[in-house]
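Report on one structure; see the data block that follows.
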Amino acid sequence: MNNIKKIDMLTRVEGHGSVELVKDGGRVVDVRLNLHESPRLFEALLVGRRFDEIPDIACRICAICSTVHKVAALQAVEQALNVSISRRIALLRELAVQGGQIESHALHIFCLALPDYLGVNGFQGLAVHAPEKLQMGLRIKKLGNLIQEAVGGRAIHPFNLLVGGMGKMPGADQLQRLSGQLSEICDDVAASIAYICSLRDLLPHLAIAPVCAASGGPSLFGDGLLTSTGLNIAASQAAVWLNEEIESNTNAKVSHFSENTSFMVGPLARLMVSMPQKYVHCFPDHSIRSSLKARIVELKMAVERAQLLIEQLLADGQGKEQPVTVVISKGEGTSIVEAPRGTLLHNYCFDSRGICTAANIITPTAINQGAMANSLKELIAAMDGADYHQIRGAAEILVRCYDPCISCAVH
Amino acid sequence: MAARFISHDNLELLLERLRMYGNLHGPVRGDDGVVRFTALSPGTPPDLSAVRSLLPPKKYLLHPRETILTYTADAGYQLPSEENSPLILFGLHPCDLAGIQYLDRLFLGDDPDLLYTARRAALTLIGISCTPDDFCSCHRFATPLEAVSDLFLASVDGGYVVTSSSPRGYELLKGVQELLEEREIESPEDSRRFFGQAVSGPAFSELDATLPEWQELANHCLGCGACSLCCPTCACFDVLECGGLDGDSAVRVRRWDNCLFKSHAQVAGGMNFRKDRAERFRYRYRHKYRGFGPLRGFPACVGCGRCRVACPAGLDLRPLAERLEGAHHEQ
Amino acid sequence: MKKLRLAIIGLTACSGCQLSLLNCEEELPGLLDLFEFHLFPMACSPALLEGEYDAALVEGCVSTPHERELLLELRKRSQYLIALGTCAVWGGVAALRNGEDREVLRQQVYGQSRIACETAEPQPLRSVVRVDAVINGCPPEKNELLGLLADLARGTLPAEIDYPVCTECRMRENLCLLTEGDKLCLGLLTSGGCKARCPSMAVPCEGCRGPVPEANLAEAMELYAQKGFDRITVLERLCRFYPEWKL
Amino acid sequence: MNSNLPVQATVVTICPMTPDTSMVTLRTEVSHPVAASFLPGQFLELSIPGVGEIPISYCGLPSSDGSIELCIRHVGHVTTALKSVVTGAAVAVRGPFGRGFPLSRYAGQDLLLIAGGLGMAPLRSLLLALLKQRKAWGRLLVLYGAREIRALLFANELMELQSCGEIELQLTVDHREKCLDGPPGCRVALLPALLEHLVVDPERTCAAICGPPVVYPYLLTGLRQLGLSDKRIYLSLERRMKCGIGRCGHCAVGTLLCCVDGPVFSGAELAGVEGALV
Ligand SMILES: Cc1cc2nc3c(=O)[nH]c(=O)nc-3n(C[C@H](O)[C@H](O)[C@H](O)COP(=O)(O)OP(=O)(O)OC[C@H]3O[C@@H](n4cnc5c(N)ncnc54)[C@H](O)[C@@H]3O)c2cc1C
Ligand code: SF4
Ligand code: SF4
Ligand code: SF4
C-alpha cells in the first residue's frame, strides 16, 4: 500500500514548498516536489502600470533577489523604450547586483546550509557550536548588504535605481570605504573557501542536468543564454526556449524543454559554463552536492568583481550625470541577468502611452523545478534501502543544494 | 560716527581667521538649491544673499534626536557627557538671533538643561544684516526678544560695520583687527531694528476659537509639522525610552515633537485634549503669539517666515492676523 | 532570565521582513540571549507549531485558507501578535489590484489551466485576527524591528507613528520633491519612521509604509493637482501598498 | 540636584487593588526631596528602565525613610509593564513637580474632597495630610464616585475614617453589579449627583477635585449652585506630560502649563482658559 509522507514545510529555504515522499511499506518509492506558495500574480499586477512603476513593483517579487529583479526589470523597460544608460550607471548597477550575490550566497552558505553539515537546526545552533563560523559568514553577508545599500539606498527593495539613472550616486568617499571593506573581507572569504571545501559531503553523487547561464560570465549579465549542450540563445528567444507551462501540482510554471530534458541554472551551472581554471580543483566530481562549493567560489568571484567595478568607477571620476529624458513609445524589452540562484528573465510590452500590456517573468527556481525533481528521484534511487528519516533528511539537504527561492518561482 | 568697517573683499580672510577660533558654520546653498547651516570649509562660502535656511540654527542647540539619559543596571540613569568644541555660527539673521534668545530663556532659566547649556556655552554667534522678503514679518509682529549676538555685521556700502556686544565678541574683534578699518560712517541701517520693541498690542493674542477661519485653514493643513520643525522657537519635544538589546541597558531620547501631531495631547486610553486638526492648528498659533508657562505673554514668533515657506499647503497666517489686527484697531 | 519564545512566520509575501531580521548581522547572535526563535521556518529547522509563544511576528498578507488557519492558530498561541511589514499591516503590493476580479487576474497569468491552490484577495492580518502592534515598511526598518524586540523583551510594545514622511524629510533638510521638485512624492500621506529614506536620495516616496493616521487626502490631492498630476495617476500610485485609498 | 536626572528607587511592594489598579510602594534615598518634601497634589515622574517614564501623583504622605506611595492604573505601555515588575525591581523617580493643593489657604475651612475614579489617588494624599492636623480644619467631606463597586479605591480606609467620625463620606458608583453588595450607603448615580442635596456653608468651604476631565464642568456647575465661588474650588488637571518641568510643551492648557502652573488650579484661574475644561 502506498502511503504519502509529507515534509510539510521546507525549512531554511525562501518561501513555501513541500516534498512528498511516497512510501511502499518501509521503502520510499517516489518523491514529489511541490511549490505551493500562494501566487501573487505579479504578471497580472504589472499590466496597466506605467513603465516607471514596473521595476518598483517587480522587485517586490522577492526580497533576497530584489536588487537583481529591479535591475532586470529596469533593463527590460529601458530596452523597450530605447533608453540608454551611461557607463557609470551600468557599473553601479552591476555593483549592486554583485552585492546581492555576496549577501545571498553568504546567507545561504552560513545560515541556511551550514547547519546541515554541523548537525544543528539553524543559526541558533551555529551560534552555540560554531560561533566564529557564523560570525564570519555574517561579516561577509553584511558587506554584501552595505554594497547594496550604498548603491540602491537599501539592502532590500533598492529604491535608488531608476529608469535611465539613479536618484543619488554614491560619492567617491563612499566607494572608497566600500573598497576598503572589500579588501578587509578577503581573509574571511579565503578562510571560508578553505572551510567549505573541507566539509564532508552529505549526499551521494548525483549527476548534474544540462546547464545554462547568461552569456556574460562573471559579470552576471548577458545578452543571451549559453548551455552546456552548446546552444547559444538570444535574449529575445530565451522565453520561447524556456517554454514555461502550467502543471497542476505546483504553483510555479515549469519549463518544458524540447525532448523532455531539464536544465539547471545557478552557481554550479554558471561555473560549468565558464569555469575559471583556478577553481577547477574545488570540484573533483561533477555532482549536485558540490553546489555549496560553487556558491563559495562565486562569492569570492563576486567580491573580486565588486572591487574591480569600484576601481573602474573611481577611475572614471565623478562627472555630473545628465538626466535622461524618456521618449514614450510602443515597444517590447527582454533582459537576462544572473540572479544568485540562476538565470532570471524579465520581459515587458508597452503601448504607445508607456503602459505595460504584457509581462513575463521567468525565475531560476522555476527553471530548476524539473532538475530538482529529477535529482530527488535519483536520490531515493541512490539511497534505496535507507530508512525513511535518512531519506527525508537527505531530501531536504538536496533541495537546499538548489537554494530554492519559492517566492520568485511562484511570484 | 567712527566705526569698524570690513570690506567685502576681506570677508574671506575674516572667515579664514574665524576658523582658528572653532568650527565655523554658516548658511550654504547646496547643489539642490536648499540653504542649510553647515560647515564653512575653505571651498564652501556662505550664501549671504539667502533670506533663510531651511532649518533654523536651533538644530545646533537641540538636536532633532538626542540621548538625554543612559541607563545601566549598575549605575542607574546617568546624564550623557558631551564634548562640545567651540562652534561659530556665521551669518545669522536677526530673527534667528532672536530665536536663539527665546530658546535661551526656555532652556537656560531655572533648572537649566545641561545639554543645552553646554552647547550654548560653546557657541559664538555672528549676526549679519539681511533684506526681508515677502514672507518675513519681523517688522510686523514685534517681540520683546532681542537679536543678541557676539558680533554683528551691519551692511553698508562696500562692506559691513562690525560691532561686538559681548566679551567674546570683543576678543574676536581684537583678533581680526588688521582686517578692519576705522571709518567715519553715518550710523548704518541696523536691521536689528525690528527687534527689541514692546509688543504692539493684544491684537493677535485674542484669537477667538470660534472663528470660521480656523477651520478653513485647518482643512488645508496636512499635519506634516513642517511649520514647527522649521520654526526657530518651536521646541516641543517628545521623550522615548529605547531599551537596549541586552535586555538591561537603555537610553532615553528626546526628539523634536510637534503640536500638529495627533499624539501631542493624547493620553492613555485614547483621550485627546486636542482632538482635531483645527484645534491643533489654532493651538500652535495661539502658542506662537501668546507663549505659555514661564514664557507666558512672550510672543514667540520672530517673523522669519519659515512656516509659510516650508508649508506644503502654503498656509499663511498673516492675512488672518492682519484682519484680526484691523478689527482690533477699529474697536 | 527566561528567553522569550518567538514565532516568525511569512504568509503571502517576499520574505523581506524576515530577511530584515536576518540582515541585522551584528545584532543577530546577541539576540539569542533574549529570544528563542522557536518557529522560524525561513532560518531554522524544523518547522513545528507547538506550545505557546510570547510573540508571533507575522510577515505577509493572508490569501489562502491555509494561511488563515495558520494565522488563527498563531493568534491563539501567542500573547502578542505583531504585523510585520506593509503587506501584513496594509495588504501591500500583492493586494494592489484588490477589488478587481481575481479570476481574471489569475487567467492573465495561468490561462485556463488549474493550479494547485486557490487563492483569494490578499488581506492584511487585521482582517482576520486582532493585531497588537505593527511595524510598517516594505521592507521594515532594522531599527524599528530591533526596537520591537527590545520592547518585547521588556513586556511592552512600540507606539504608533502618527507623523508623515514629510516630517522626517524636512528634519533632514531635503529639497521638497513635490513642492520644489514637481515630482509625485507620496511623503505627505505616508506614515513616517523611515527617516525619509527615499526623498533623502532625491527619489520620490512611493508610500511603502502605508497611510499616516489622519491623512489629509483631500488637501494632498489638491496639491498634486496643482502640480499637474491627475487623480487617477495619484490614486494608482497610492494604492501600490494600500489598496483602500479612496476619496 | 538636577531635576532631569531620575534617582534610583526599588519597588518595595506592589499590591493589586482592583483588576486594573495597583498600590505601589517604592523606596528611594533617605530624605531625598522626591520622597520627603512634597505637597499633596504634586506629582513625580516614575521611570521603568527600558520602558519609559510617566507622571504619577503622590498618593501618600512625605516620608523621611525614602518611601513613596503611589496608586497606579494599568492602562498603557509603561503602566502595563509595571504590572509584571516584581518586588525589589529597580525603578527611578524624579520630582516633586508642579503645584499642589494650597494647604495654607484651607486653614480653618470646611473641606469638600471630590474624587472620581483614580482621582482618589492624589486626594488620598490630601486627606492624609489634613487628618494629620485634624483640628486645623472644620468639616471634612469626601465625595467619591467610581465606575463600579470593585473599582472604588481605599473604600475600607475611607469607611473606617467615617465610622470614627473623622470624615463625612458619600460613595457612589455608576453601575452596581448584581453579584456584589456595595458598602453601606453607596449610591448608584453619577458623581455630580452627590452635590445635589449637599448642605455646606459656601463662605467657609473649599473644594478639591480630582477625577476624569468629563465630570469637571458638571462638578463646577454643582459647586457654584451650592454657592462656592470659583476661587474656593481647586481642580487637578491631567494632561500628557513628558519633562515635568515646563519645557516639552505637551501639557499646555491655554497659556498655562499643567506641570509647572498646575496640576492643581483654582476654578478662577481656569475661567475662560480654552481647553481647560473639556
Ligand atoms: C499630573 C499627573 C498625575 C497623574 N497621576 C496618576 C496617578 O496617580 N496614577 C495613575 O495611574 N495615573 C496617573 N496619571 C496618568 C498617568 O501618567 C498615565 O496613565 C500614564 O502616563 C500612562 O502611561 P502609559 O505609558 O502606561 O500609557 P500610554 O498610553 O502607552 O502612554 C504613552 C505615553 O503617553 C504619555 N501619557 C499617556 N497618558 C498620559 C496621561 N494620562 N498623563 C500624562 N502623560 C500621559 C506618557 O508620556 C506615556 O509615556 C497622572 C498624570 C498626570 C499628568
Ligand atoms: S507646515 Fe502647513 S501643512 Fe504642515 S503642519 Fe504646518 S500648517 Fe500644516
Ligand atoms: S519631498 Fe516628499 S516627503 Fe519630502 S517634504 Fe516633499 S513631499 Fe514631503
Ligand atoms: S520614503 Fe516612502 S517609499 Fe521610501 S522608505 Fe520611506 S515610506 Fe517607504
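In what follows, chains are A, B, ... by sequence order, proteins preceding strands, each numbered from 1.
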message = Can you give me the closest heavy-atom contact between Gly223(B) and Pro164(C), atom names plus distance?
response = O-CD, 3.8 Å
request  = Starting at CG of Leu245(B), measure out to SG of Cys24(C) and round the result to the nearest 0.5 Å.
outcome  = 8.5 Å
message = Using a 3.5 Å distance criterion without hydrogens, assess whether the side chain of Asp162(C) forms a donor-acceptor pair with backbone atoms of Phe261(B).
response = no
task = Hey, could you give me the CG/SG distance between Asn143(C) and Cys242(B), rounded to the nearest 0.5 Å?
result = 9.0 Å
note = On a heavy-atom basis, the closest approach of Gly247(B) and Arg154(C) is C-NH2, 3.2 Å
ask   = Are any non-hydrogen side-chain atoms of Glu214(C) and Arg280(B) less than 4.5 angstrom apart?
value = yes
query = Heavy-atom distance under 4.5 Å to chain B: side chain of Ala159(C), backbone, both or neither?
reply = neither
key: chain C contact via Asp248(B) - side chain, backbone, both or neither, heavy atoms under 4.5 Å   = backbone
ask   = Using a cut-off of under 4.5 Å for heavy-atom pairs, which of Asp32(B), Leu54(B), Val35(B), Val34(B) has the most such pairs with chain C?
value = Leu54(B)
key: Heavy-atom proximity to chain C below 4.5 Å, by part of Leu229(B)   = side chain
inquiry  = Only pairs of heavy atoms separated by less than 4.5 Å count here; which of Leu189(C), Thr179(C), Leu223(C) has the most with chain B?
reply    = Leu223(C)
inquiry  = Below 4.5 Å, heavy-atom pairs only: which of Gly243(B), Ala250(B), Ser53(B) has the largest tally toward chain C?
reply    = Gly243(B)
query = At a heavy-atom separation under 4.5 Å, does Leu31(C) approach chain B through its side chain, its backbone, both, or neither?
reply = side chain
key: Nearest-0.5 Å distance that lies between atom CD in Glu222(C) and atom CG in Leu222(B)   = 10.5 Å
ask   = Minimum heavy-atom separation for Pro213(C) to Lys262(B), with atom names?
value = CB-NZ, 4.2 Å
key: Nearest-0.5 Å distance that lies between atom OG1 in Thr167(C) and atom CG in Leu260(B)   = 9.0 Å
inquiry  = Around atom CG of Asp133(B), are there more than 12 heavy atoms from other residues, nucleotides or ligands closer than 6.0 Å?
reply    = yes
task = Using a 4.5 Å cut-off on heavy atoms from C-beta on, say whether the side chain of Leu188(C) contacts that of Pro312(B).
result = yes
message = Less than 4.5 Å to any heavy atom of chain C: does that hold for the side chain of Thr38(B), its backbone, both, or neither?
response = neither
message = So for Glu160(C), is it side chain, backbone, both, or neither that comes closer than 4.5 Å to the heavy atoms of chain B?
response = side chain
ask   = So, for Glu219(C) and Ala313(B), which heavy atoms are closest and what is the spacing to 0.1 Å?
value = OE2-CB, 3.5 Å
message = Heavy-atom pairs under 4.5 Å with chain B - which of Glu168(C), Glu27(C), Arg170(C) has more of them than the others?
response = Arg170(C)
query = Distance from Asn216(C) atom CG to His220(B) atom NE2, nearest 0.5 Å?
reply = 9.0 Å
key: Choice from Thr156(C), Val212(C), Asn174(C), Leu178(C) maximising heavy atom contacts with chain B below 4.5 Å   = Asn174(C)
inquiry  = I'd like to know if the side chain of Arg36(B) and the backbone of Glu173(C) have a donor-acceptor N/O pair within less than 3.5 Å.
reply    = yes
ask   = chain C heavy atoms under 4.5 Å from Arg65(B): which part of the residue, side chain, backbone, both or neither?
value = neither
inquiry  = Can you tell me which portion of Asn219(B) sits under 4.5 Å from chain C's heavy atoms? Options are side chain, backbone, both or neither.
reply    = backbone
